[in-house]
Number of protein chains: 2
Amino acid sequence: MVVKERIRIGGRSARIQEAVHRAVRQLSAETDRDQLTVPQIAAEAGVTPSTIYRRWGDLASLLADVAVERLRPIADPEDTGATASDVRTFIEQYVEEMTSPIGRALMRDVVSPLEQSYSGKCDVFTRQHLSTIAERAEARGETPFDIDEVIDHVMAPIVYHLLFGNRELTLAYCHSLLGRVQSLSRPD
Amino acid sequence: MVVKERIRIGGRSARIQEAVHRAVRQLSAETDRDQLTVPQIAAEAGVTPSTIYRRWGDLASLLADVAVERLRPIADPEDTGATASDVRTFIEQYVEEMTSPIGRALMRDVVSPLEQSYSGKCDVFTRQHLSTIAERAEARGETPFDIDEVIDHVMAPIVYHLLFGNRELTLAYCHSLLGRVQSLSRPD
DNA sequence: GCTATTAACGCAAAGTATTTGCTTTAAGGG
DNA sequence: CCCTTAAAGCAAATACTTTGCGTTAATAGC
């Protein structure tokens, strides 16, 4: 189920959304995520369970909604002075964050609902970050790289191994992925 | 929860597993998957719900278990006479299968449980298929390609776009991914 | 084969979670 | 400031999940 695009965005509605999100973050830090329940979250947030069911539909959608908010970038990617190191730093931080148990759980939460809108937003976040880095590159007079190429050949393998296991995401591996991006390593 | 490695594998146990799997396939063809319930599956399979809960733990694990079985290869990849076209045909069939609503649902089912064992098995299936193709290549005297490279730079982008949306998986796009695999397109 | 052992199933009761109809509250517009 | 109505609360009804215990049948030992 989709989180409704609300017509009312202020006041009580916003307070309750914030309280519920906070409750999910709080409880998922304390307890195992597979024994997280809607009534438990409702109690922690001080709302009635039916409010959560009516607004988010089910636990999976609520968790996905919270996960998207946690993955939403709070700042622009670090400016290291050069495009290649900007991208490398961004990727290293992404891997650092997502290989943790919390990161892996967020990834699953975002990808699990039938609705693709949650995972779609995360893809947009990544593209926005890469756009920022690409704009900086252009401002510096460097050749801008191809965002789709970084998504397909750096991000995608990382996400694949996060979800499907069977390979460790070492720093060296990430660097080898970056090395294959032609528009970064071989500017022409 | 993990599906237990059962000590008893024959007779009644096997019949019930088959009946439950069949019921899931049957019902998920008829009804929307987000209104599929354990009691409903139990009724269709002619077992009691507690059998399903004790054996699979929850609906997500059962769906993942069924999805893995449906994704398990039933035959070796087609032998087209040349390595490049073997891989291309395999990828085209994979995309054909997974872009359908059923395929997308299977992908999500496999990836959703906290347990990585389900998605891990799917990665193994892919590697086995690619191994078969690589062995054939060697038998023909062709240069064998790097399986990890195909996983990372062809499969991973495809899976990424399946899960995160925002890009259509056209045939031309798949071919462009294959074109980037050095050990396939530029044998040296 | 036959029996003993015990994993796995069935049943039913107890415990939770989810849905739903109706009432109340408070945003946002006039 | 009042009206309209989206969204929340409440509580009863329904549905799902867990659990204890008796029963069935798969396997091991003889």
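Any value given below was found using the heavy atoms of this structure, including those in side chains, with hydrogens, waters and symmetry copies removed. All chains are named by letter (A, B, ...) in the order of the sequence lines, taking the proteins before the strands, and each is independently numbered beginning at 1. Given the structure is predicted, the values throughout are model-derived calculations rather than measurements.
- Put simply, CH2 on A:Trp56 is 18 Å from P on C:dA17, counting in whole angstrom units.
- A salt bridge links A:Arg180 to B:Glu149: at least one charged side-chain nitrogen sits closer than 4.0 Å to a carboxylate oxygen.
- Between A:Arg15 and C:dA27, a side-chain N or O to OP1/OP2 separation shorter than 4.0 Å is present.
- Taking 3.5 Å as the limit, the base of D:dG9 and the side chain of A:Arg55 contain no donor-acceptor pair of atoms between them.
- Looking at B:Ser50, its side chain comes within 3.5 Å of the base of C:dC11 through a donor and an acceptor atom.
- Nearest to the side-chain atoms of A:Thr37 among the listed nucleotides C:dA17, C:dG10, C:dC22 stands C:dA17.
- Minimum atom distance to the side chain of A:Arg54 is reached by C:dG21, of the listed C:dC11, C:dG21, C:dA8.
- Within 6.0 Å of atom CD in A:Glu18, more than 12 heavy atoms from other residues, nucleotides or ligands are found, so the atom counts as buried in its surroundings.
- Looking at the side chain of B:Thr48, the nearest of the listed nucleotides C:dG10, D:dG9, D:dC16 is C:dG10.
- A donor atom on one side chain and an acceptor atom on the other are not found under 3.5 Å apart for B:Asp109 and B:Tyr118.
- There is a side-chain donor-acceptor pair under 3.5 Å between A:His161 and B:Asp152.
- No N or O donor and acceptor, one from the side chain of A:Arg12 and one from the base of D:dG9, sit under 3.5 Å apart.
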